[in-house]
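Written below as structure tokens is the structure these notes are about.
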Amino acid sequence: MLLLIFSFSRAVVKCRLQENLQVQAYLVEIMLTSRKFLMAATLAIFLSFVPYRTLAQTDTPEPKPPADPQIAAALAKISAQRIQANIEKLVSFQTRLTLSAQDPDSIKAGHGIGAAREWIKSEFESYSRACGGCLEVKTDSFTENPMERIPKATVITNVYAVLKGTDPENAKRIVLVTGHYDSRNSDTFDTTGVAPGANDDASGTSVSLECARVLSQMKFPGTIIFLTVAGEEQGLNGSTHFAKMAKEQGWNIEAALNNDIVGGDRGPQQDPGVVRVFSEGIPLAATPAEVRRIENLGGENDSASRQLARYVAEVGRTYKTEAKPLLVFRLDRYLRGGDHISFNEQGFAAVRITEYREDYNHQHQNVREENGVQFGDLLKFVNFDYVAKVARVNAATLASLAAAPAPPGKVRLQAKELENNSTLTWEASPGSASYEVLWRDTASPEWEHDKPVGNVTRITLPMSKDNVIFAVRAVDGSGHRSLAVVPQPER
Ligand SMILES: [Zn+2]
């Protein structure tokens with residue numbers, strides 16, 4: 001009898017795992033009514049011997065929007081050879097330290113950060129010529145005053161290209177990809193020593209460039225910015241300046257993808273099938289009142305940056321990118337930072353994209369051999385096919401977002417009364433044809449369910465808001481999905 005009860009309980013738990021609620025309800029019902037008890041017991045014993053993993057594998061289906069054939073075709077054009085050529089060119093400047101030379105003679109000689117900056121600019125301009133002048137190539141240049149890692153006033157220049165959206169209203173929405181083109185060796189003040197920075201971060205710079213080359217051949221309602229920044233190694237100076245400028249000028253940056261160290265270092269424990277996506281939990285820019293609300297309602301995993309990270313993961317599945325996005329629910333790695341933080345600090349959704357396993361002998365190191373170990377951020381450690389895979393993850397995300405309608409505005413969850421139904425309301429998003437309500441268990445990392453609700457701005461679902469986390473996203477007529485927006489409670 002004891003064995004029977006044990007088997008029964010296990011079977012019920014398994015049905016729960018499998019979300020096979022009907023079978024679960026059936027088991028419970030017959031257990032309680034004790035009718036057909038023998039049959040149920042037999043079934044329970046059978047189920048209890050099926051390994052858990054088999055059941056877990058048939059877990060809830062992942063929402064997967066259909067692939068856009070045009071975006072898929074663009075991804076196929078991303079070239080590992082082009083990426084290799086770009087990284088080789090960046091390494092050829094010998095050092096791209098932010099404090100290194102940028103005078104006309106050095107630029108002419110092809111040495112130092114000035115030469116790198118001019119080359120990046122000319123590269124963006126060549127892509128623009130190939131699309132009939134569709135890219136606006138710009139620089140954001142400023143003088144940084146002396147500070148911890150900047151001994152004297154230094155001109156820092158970000159270089160970027162804007163692919164303006166074709167729809168006047170949607171063109172105000174900006175999605176952005178960035179990498180830092182400055183490099184360093186062991187000494188962050190060494191202005192002349194070799195600092196190849198092949199992985200850190202010629203790889204990320206080449207992602208911005210290759211996304212620009214390929215996506216500038218397409219047209220999107222929303223705007224895409226392809227950015228390369230300097231000053232990262234000195235203290236995120238370039239990205240800080242850029243993000244502050246964007247905030248001051250009221251730019252609507254919906255998403256910023258920061259690629260830093262995406263070279264797929266060829267070390268033995270690398271996983272070239274995975275790329276990490278780091279995202280902030282409680283937003284860096286949240287006010288104390290906002291932090292309190294987030295804590296009260298269990299919103300620690302639902303920052304806009306984390307919705308962006310989930311979007312990247314979903315796009316990776318939709319377009320079957322060979323580097324699978326691995327969500328890391330953490331602002332950045334231990335002891336490290338990056339340019340996404342500059343955007344987070346200004347209240348923008350931003351994530352960091354980084355290879356699965358870093359080799360610290362190949363970062364921020366003078367090129368040298370010690371006891372048979374090669375140090376330095378050298379070309380030979382970069383896996384160009386991997387960088388191309390990461391570029392596809394980025395391009396798929398940028399294209400999907402720039403093609404999608406704006407996320408629905410003012411998403412609210414009615415919380416006036418105690419009730420087990422949940423009512424969501426939102427403001428219509430221009431250009432959208434319909435909406436989807438998403439939800440997941442509070443302990444689940446990704447959205448588990450997506451329900452198309454048609455072209456409405458209000459829906460009541462027979463589910464308790466206490467037990468799940470909801471979000472709403474907008475969908476256009478071709479199936480492009482916006483970022484998901486988690487509701488604020490309305491009392
Ligand atoms: Zn870096």
Side-chain angles (χ1 to χ4, degrees), residues 62-66 68 71 165 167 169-177 220-225 246 251-258 277-281 283 285 299 301-319 325 327 329 340 343-344 346-353 393-413 424 426-440 445-453 457 469-476 478-488:
E62 288 166 338
K64 198 168 88 174
D68 175 334
I71 295 175
D167 174 67
E169 197 50 41
N170 266 305
K172 294 174 193 159
R173 299 170 44 233
I174 297 166
V175 293
L176 175 153
V177 59
F220 301 96
T223 294
I224 307 179
I225 291 180
W251 296 12
N252 177 13
I253 298 180
E254 223 171 78
L257 308 175
N258 172 33
V277 181
F278 291 84
S279 58
E280 62 180 355
N301 287 313
D302 283 283
S303 66
S305 298
R306 208 146 274 179
Q307 305 314 337
L308 172 57
R310 292 185 176 107
Y311 195 95
V312 174
E314 188 179 61
V315 159
R317 290 191 289 271
T318 299
Y319 289 94
L327 298 185
F329 283 1
H340 58 302
F343 289 91
N344 288 154
Q346 300 304 318
F348 297 119
V351 296
R352 179 197 181 103
I353 300 177
V393 172
N394 278 269
T397 305
L398 295 167
S400 299
L401 283 172
K410 294 212 170 97
V411 181
R412 299 284 181 265
L413 181 60
L424 290 147
W426 56 91
E427 278 182 355
S429 158
S432 67
S434 63
Y435 300 88
E436 285 175 355
V437 174
L438 311 175
W439 68 92
R440 64 177 206 272
E446 286 202 69
W447 299 111
E448 295 171 313
H449 309 273
D450 58 329
K451 182 183 174 66
V453 295
T457 56
I469 292 168
F470 285 111
V472 183
R473 65 183 174 191
V475 189
D476 76 359
S478 315
H480 299 115
R481 265 81 175 166
S482 76
L483 286 167
V485 183
V486 170
Q488 301 295 333

With a 4.0 Å cut-off on N to O distance, would you call [X] and [Y] a salt bridge?
X	Y	result
E280	R352	no
D450	R440	no
E436	R481	yes

If you measure from [atom1] on [X] to [atom2] on [Y], what distance do you get to the nearest 0.5 Å?
X	Y	atom1	atom2	value
N258	L176	CG	CG	9.5 Å
I225	W251	CD1	CH2	4.5 Å
H449	L438	NE2	CG	10.5 Å
S482	Y435	OG	OH	9.0 Å
L257	I353	CG	CD1	5.0 Å
R310	L327	CZ	CG	7.5 Å

Provide the closest heavy-atom pair for [X] versus [Y] in the form atom of the first, atom of the second, distance.
X	Y	answer
S429	S432	O-OG, 2.8 Å
V312	P325	O-CG, 3.7 Å
L483	L308	CD2-CA, 3.8 Å
A309	V277	CB-CG1, 3.9 Å
I469	W447	O-CZ3, 3.2 Å
A349	S305	CA-OG, 3.5 Å

Discussion item. Run D167 and K172 through salt bridge (charged side-chain N to carboxylate O under 4.0 Å, His left out) and show every step you take.
Written reply: CA-CA 9 Å; D167 174 67; K172 294 174 193 159; over 6 Å; no
Would you say that [X] contacts [Y] through its side chain, given a criterion of any heavy-atom pair below 4.5 Å between the two side chains?
X	Y	value
T397	V315	yes
V486	Q307	yes
I71	Y319	yes
L424	F470	yes

Would you check if the side chain of [X] reaches a backbone N or O of [Y] as a donor-acceptor pair within less than 3.5 Å?
X	Y	result
T223	A171	yes
N344	F348	yes
Y311	A255	no

Listed pairs under 3.5 Å, donor-acceptor, residues 399-413 side chains, sequence neighbours left out:
residue, atom, partner, partner atom, Å
S400, OG, A396, O, 2.6

Worksheet item: After noting the C-alpha distance and the side-chain angles of N301 and R306, does the key distance pass the side chain to side chain donor-acceptor pair (under 3.5 Å) rule?
Response: CA-CA 7 Å; N301 287 313; R306 208 146 274 179; 2.8 Å; yes
Item to complete: I would like to know whether V437 and V453 meet side-chain contact (heavy atoms from CB on, under 4.5 Å); could you show each step before the answer?
Response: CA-CA 7 Å; V437 174; V453 295; 3.9 Å; yes
Fill in: salt bridge (charged side-chain N to carboxylate O under 4.0 Å, His left out) between R173 and E254, worked out
CA-CA 6 Å; R173 299 170 44 233; E254 223 171 78; 2.6 Å; yes
